[in-house]
Amino acid sequence: MKPQKIGIVITTYNNPAWLEKCFWGWQAQTNKNFTLLIADDGSTQETKALIQRYQAQNNLTIKHYWHEDLGFRKCEILNKVIAATDCDYLIFTDGDCVPAPNLVQTHYDYAEPGYFLSAGYFKLNMAVSKAVTEDDIQAGKLFEKQWLIANGQPKSHKMGKLNPNPLYQRIMNKLTPTKATWNGANSSTWTKDIIAVNGFNEDMQYGGLDRELGERLWNNGMKSKQIRYSAIFMHLDHKRGYESKEIWQKNYDIRNEVIRTKSTWTTNGIIKGNRPD
């Protein structure tokens, strides 16, 4: 069984310049059978105007989900998108991540019932994040090692993620010691399986909220595939003013409890309360 209707869930908050660069990446996809589902955690009119402009161009199918800005409520807006969509398969990412041209096709090719996919990203510095243009993305230059170095990205062994050779990618997917966890920047699975564990835990704020969902998916019998070298996002640089040690610790404690109890359900997710009988 393969996905019939793919949704790309993109979280965003008041960063239309980066979101537009992401749109350029989605326009360049080889597989165009998808809908962009914008999970907007309370952005201002500027983001809405950007989305409306791209909706009017008719080369991307975009649905915009928004709620009032009452602080960091990413999990809540994600749950609203999951509950509302008719897409049977969802790829999750952020509004600061530019997809490689084959990203949708790769997730489609690897999608399998009973599994979620754990894919990769490459962090860009601010110089490259600002410098990259629509033409650079459309031409695929952003994903080329030499172009990155020429535009100010330091050399790194992590550039191995950008190797386009499919055999190399498959080998590295097997050899990497990184566990195939659920990562918010680049993971995917079937909508029904996310609903089965009640979506994201709205008690959680920034820091590990995606991993916690993955723990519940595992506890509910799902397996995961490692495709971090096959499906890549380029992560645009930005500050994180919403990060704090206290929030990280709270989220870490929630995750540990999910692991300890082998929980498959959050009582503060899509449904508020215990799992229906």
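- Shown are Asp69, Asp96, Asp40; of these, the side chain to side chain donor-acceptor pair (under 3.5 Å) with Tyr13 is made only by Asp69.
- In this structure, Gln226 and Lys174 have side chains that are not in contact, with every pair of non-hydrogen atoms separated by 4.5 Å or more.
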Side-chain donor/acceptor pairs under 3.5 Å, residues 265-273, sequence neighbours excluded:
{"residue": "Trp265", "atom": "NE1", "partner": "Gly273", "partner atom": "O", "Å": "2.8"}
{"residue": "Thr266", "atom": "OG1", "partner": "Asn201", "partner atom": "OD1", "Å": "3.4"}
{"residue": "Thr266", "atom": "OG1", "partner": "Asn268", "partner atom": "N", "Å": "3.2"}
{"residue": "Asn268", "atom": "ND2", "partner": "Asp203", "partner atom": "OD1", "Å": "2.9"}
{"residue": "Lys272", "atom": "NZ", "partner": "Glu202", "partner atom": "OE1", "Å": "3.1"}
{"residue": "Lys272", "atom": "NZ", "partner": "Glu202", "partner atom": "OE2", "Å": "2.9"}
{"residue": "Lys272", "atom": "NZ", "partner": "Gly269", "partner atom": "O", "Å": "2.4"}

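- Nearest heavy atoms, Lys123 versus Gln153: O-NE2, 3.2 Å.
- A donor-acceptor distance shorter than 3.5 angstrom exists from the side chain of Ser43 to the backbone of Asn14, with no hydrogens or angles considered.
- Hydrophobic cluster membership is shared by Val128 and Leu162, with clusters built from Ile, Leu, Val, Met, Phe, Trp and Tyr side chains linked at under 4.5 angstrom.
- Using a 4.0 Å cut-off between charged side-chain N and carboxylate O, Glu144 and Lys141 make no salt bridge.
- Between Val9 and Ala39, the shortest heavy-atom contact is CG1-CB, 4.4 Å.
- Closest approach of Ile51 and Phe23 over heavy atoms only: CG1-CZ, 4.2 Å.
- In this structure, Tyr54 is not a member of the same hydrophobic cluster as Trp66, with clusters built from ILVMFWY side-chain heavy atoms closer than 4.5 Å.
- Residues Asn163 and Tyr229 are not in side-chain contact: their nearest non-hydrogen atoms beyond the backbone lie 4.5 Å or more apart.
- Note: the hydrophobic cluster containing Ile171 does not contain Met159 (ILVMFWY, side chain heavy atoms under 4.5 Å, direct or indirect links).
- Arg216 places a side-chain N or O within donor-acceptor distance of the main-chain N or O of Gly199, the cut-off being under 3.5 Å.
- Here the closest heavy-atom approach between residue Thr181 and residue Ser187 is recorded as O-OG, 3.9 Å.
- Tyr252 OH: 12 or fewer foreign heavy atoms inside a 6.0 Å radius.
- Using a 30° and 60° split on the angle between ring planes, Trp218 and Phe116 fall in the tilted class, from 30° to 60°.
- Two different hydrophobic clusters hold Met234 and Met172 under the rule that ILVMFWY side chains link at heavy-atom gaps under 4.5 Å.
- Counting only distance, with no hydrogens or angles, the side chain of Asn251 and the backbone of Gln205 share a donor-acceptor pair below 3.5 Å.
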Which is it for Glu215 and Lys262 under the side-chain contact (heavy atoms from CB on, under 4.5 Å) test, yes or no, and what are the steps along the way? CA-CA 8 Å; Glu215 298 288 353; Lys262 301 188 185 303; over 6 Å; no
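- Checked by atom type, the side-chain pair His67/Lys80 shows a donor-acceptor distance below 3.5 Å.
- Using a 4.5 Å heavy-atom cutoff, the side chains of Tyr115 and Ser224 are not in contact.
- For residues 1-11, the side chain to side chain donor-acceptor pair (under 3.5 Å) pairs, not counting sequence neighbours, are Lys5-Asp86, Thr11-Asp94.
- Between the side chains of Tyr89 and Thr191, not a single donor N or O lies within less than 3.5 Å of an accepting N or O.
- Around the CD atom of Glu134, the shell of radius 6.0 Å holds more than 12 heavy atoms that belong to other residues, nucleotides or ligands.
- By the rule that hydrophobic residues join a cluster once side-chain heavy atoms approach within less than 4.5 Å of another member, Met1 and Val104 end up as members of one cluster.
- Atom NZ of Lys32 sits in a crowded spot, with more than 12 heavy atoms from other residues, nucleotides or ligands closer than 6.0 Å.
- When all heavy atoms of Leu103 and Ile232 are compared, the closest pair comes out as CD1-O, 3.5 Å.
- At a cut-off of 3.5 Å, with distance as the only test, no side-chain donor of Asp109 or Thr106 sits close to an acceptor on the other residue.
- Of all heavy-atom pairs spanning Ser188 and His107, the tightest one is OG-ND1, 2.7 Å.
- Using a 4.5 Å heavy-atom threshold, the side chains of Gln105 and Gln29 count as separate.
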Would Phe200 and Phe92 count as a ring-ring contact (aromatic ring centres under 6.0 Å, His included) if you check the C-alpha gap in whole Å, the side-chain angles of each, and the deciding distance to 0.1 Å? CA-CA 12 Å; Phe200 289 85; Phe92 287 78; 5.8 Å; yes
Given the rule in the side-chain contact (heavy atoms from CB on, under 4.5 Å) test, do Trp190 and Leu90 qualify, once you have shown the distances and angles that lead to the verdict? CA-CA 6 Å; Trp190 307 87; Leu90 299 175; over 6 Å; no
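- Between Pro154 and Asn125, some side-chain heavy-atom pair lies under the 4.5 Å cut-off.
- For the pair Lys225 and Trp182, the cation-pi criterion (under 6.0 Å, within 45° of the ring axis) is not fulfilled.
- Salt bridge status for Arg53 with Glu20: present, with a side-chain N to carboxylate O gap under 4.0 Å.
- Side-chain contact check for Ile82 versus Ile194: some heavy-atom pair is nearer than 4.5 Å.
- You'll find the side chain of Asn183 reaches within 4.5 Å of the side chain of Arg211, heavy atoms only.
- A 4.5 Å side-chain heavy-atom check between Arg275 and Thr264 finds at least one atom pair inside the cut-off.
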Show the numbers, then the answer: is there a side-chain contact (heavy atoms from CB on, under 4.5 Å) between Asn33 and Ile6? CA-CA 7 Å; Asn33 182 28; Ile6 297 174; 5.8 Å; no
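- Using modelled atom types, one finds no donor on one side chain facing an acceptor on the other under 3.5 Å when comparing Gln169 with Asn173.
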Apply side-chain contact (heavy atoms from CB on, under 4.5 Å) to Leu37 and Ile8, showing your working. CA-CA 6 Å; Leu37 308 171; Ile8 315 295; over 6 Å; no
